[in-house]
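All of these numbers come straight from a predicted model, not from anything done at the bench.
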Amino acid sequence: MASLQYKPTRMEMSNLKKRLAVAVRGHKMMKDKRDELVRRFIVLARRNKDLREAVEMKLGEAMKAFVLARAMMSESEIDEALIYPARSMSVEAGNATILSVPVPKLEMDSRTEFTYPYGFVTTSADLDEAVQRLADILPLMLELAETEKACGRLADEIEKTRRRVNALEYVMIPQFTEAIRDIRMKLEENERGATSRLMKTKEMLKEAGK
């Protein structure tokens with residue numbers, strides 16, 4: 001950041017004091033925002049970890065059921081059984097905010113109840129279990145996608161806020177403080193010089209009047 005430019009005048013010192021007060025208030029607000037963002041991020045990160053572990057576990061169970069079904073059924077039978085969806089559904093994407101940070105919001109809209117898309121004569125119970133488990137996983141996967149994206153956006157905002165806090169704390173506030181001190185010293189020096197000149201003038205006038 002470029003060095004602060006200023007004139008050694010009382011008006012300039014008054015303006016710098018006002019800017020310093022604004023910078024100090026802004027620094028406190030940004031620190032509070034950063035701390036709250038970090039707190040929210042930690043909560044989301046923990047939720048993200050729990051969701052990911054749950055999704056991975058349930059996907060593993062569903063895949064095991066598919067493997068068992070594959071052992072009992074031919075590939076063509078499985079393809080025929082799964083050619084139609086179990087239910088119609090859609091996902092609506094919207095937005096929410098966390099401390100003014102936009103994050104995605106996904107809503108699953110299922111207009112029909114879950115039903116198996118095949119008959120039970122030529123299918124195995126393992127296939128039923130696999131299909132049911134995958135249907136149960138979908139809401140968790142949507143929430144996981146929401147949470148991961150929210151974590152990423154909060155992390156970006158935390159980094160931006162951290163840079164602003166550091167800029168205020170280590171650059172702007174010290175510059176304003178130093179400039180005010182320098183102006184005060186110069187003004188005091190000028191006053192001392194003016195006082196000294198005034199005293200000399202009085203002495204000269206006094207000597208001249210003798």
Can T177 and L16 be said to form a side chain to side chain contact (heavy atoms under 4.5 Å, CB included), step by step? CA-CA 8 Å; T177 303; L16 286 172; over 6 Å; no
For A150 versus P104, what's the shortest heavy-atom pair and its separation? N-CD, 4.4 Å
Membership question, hydrophobic clusters at under 4.5 Å side-chain separation (ILVMFWY): are V55 and F66 in the same one? yes
In terms of side-chain geometry, is the basic nitrogen of D32 or K28 positioned less than 4.0 Å from the acidic oxygen of its partner? yes
Would you name the heavy atoms of A130 and A62 that are closest together and state the gap between them? CB-O, 3.7 Å
For atom CE of M57, decide whether the heavy atoms of other residues, nucleotides or ligands shown that lie under 6.0 angstrom number more than 12. yes
Of R40, K33, R34, the one forming a side chain to side chain donor-acceptor pair (under 3.5 Å) with E36 is R40
Honestly curious: do V165 and I173 fall in one hydrophobic cluster under the side-chain, below-4.5 Å linking rule? yes
Here the gap from Y6 atom OH to Q175 atom CD, rounded to the nearest 0.5 Å, amounts to 10.0 Å
Quick check against the 3.5 Å criterion: does R163 have a side-chain atom that pairs as donor or acceptor with the backbone of N166? no
Exercise: identify the closest heavy-atom pair between M30 and L168: CG-CD1, 4.3 Å
Please round to the nearest 0.5 Å and tell me the distance separating atom CG of L44 and atom NZ of K49. 15.0 Å
So CE of M13 and CG of N15: to nearest 0.5 Å the spacing works out to 10.5 Å
Taking every heavy atom of P139 against every heavy atom of M108, the minimum-distance pair comes out as CG-CE, 3.7 Å
Evaluation steps, side chain to side chain contact (heavy atoms under 4.5 Å, CB included), between R52 and L144: CA-CA 7 Å; R52 178 165 289 280; L144 177 60; 4.2 Å; yes
Exercise: identify the closest heavy-atom pair between L187 and P8: CD2-O, 3.7 Å
Same apolar cluster (I L V M F W Y, side chains within < 4.5 Å links), V131/M141: yes
Evaluate the side-chain proximity of V43 to R47: yes if any heavy-atom separation is below 4.5 Å, no if none is. no
Only one of M199, R197, R192 forms a side-chain contact (heavy atoms from CB on, under 4.5 Å) with T195, so which one is it? M199
Rounded to the nearest 0.5 Å, what separates atom OG1 in T147 from atom CG in L106? 9.5 Å
Identify whether the distance between the nearest side-chain nitrogen and carboxylate oxygen of E61 and K64 falls below 4.0 Å. no
Check this for me: M29, atom CE, are more than 12 non-hydrogen atoms of other residues, nucleotides or ligands nearer than 6.0 Å? no
Does the S14 side chain pair with the main chain of R10, one donor and one acceptor, at a distance under 3.5 Å? no
So K58 and D136, do their side chains get closer than 4.5 Å, heavy atoms only? no
Applying a strict under-4.5 Å side-chain criterion to I, L, V, M, F, W and Y, I'd like to know whether L51 and V103 cluster together. no
More than 12 heavy atoms of other residues, nucleotides or ligands under 6.0 Å from CD of E191: yes or no? yes
Checking D156 against V101 for the side chain to side chain contact (heavy atoms under 4.5 Å, CB included) test, could you report, in this order, the C-alpha distance in whole Å, the side-chain angles of both residues, the deciding distance, and whether it holds? CA-CA 10 Å; D156 292 341; V101 180; over 6 Å; no
Nearest 0.5 Å, what's the CG-CD distance between N48 and E148? 4.5 Å
With heavy-atom distances below 4.5 Å as the criterion, would you say the side chains of F176 and V24 are in contact? no
Taking all non-hydrogen atoms of both residues, which atom of A69 and which atom of L127 are closest, and how far apart? CB-N, 3.6 Å
Measure the spacing between CE of M63 and CZ of R133 and express it to the nearest 0.5 Å. 11.0 Å
Could you please spell out the steps behind the side-chain hydrogen bond (donor to acceptor under 3.5 Å, both in side chains) verdict for Q132 and D128? CA-CA 6 Å; Q132 180 65 62; D128 297 345; over 6 Å; no
Over 12 foreign heavy atoms within 6.0 Å of CD, E12: yes
Worked verdict on T9 versus I183 for side chain to side chain contact (heavy atoms under 4.5 Å, CB included): CA-CA 7 Å; T9 64; I183 291 175; over 6 Å; no
Is there a path of hydrophobic side-chain contacts, each under 4.5 Å between heavy atoms of I, L, V, M, F, W or Y residues, that connects I42 with L154? yes
Side-chain (E92) to main-chain (E107) donor-acceptor, under 3.5 angstrom: no
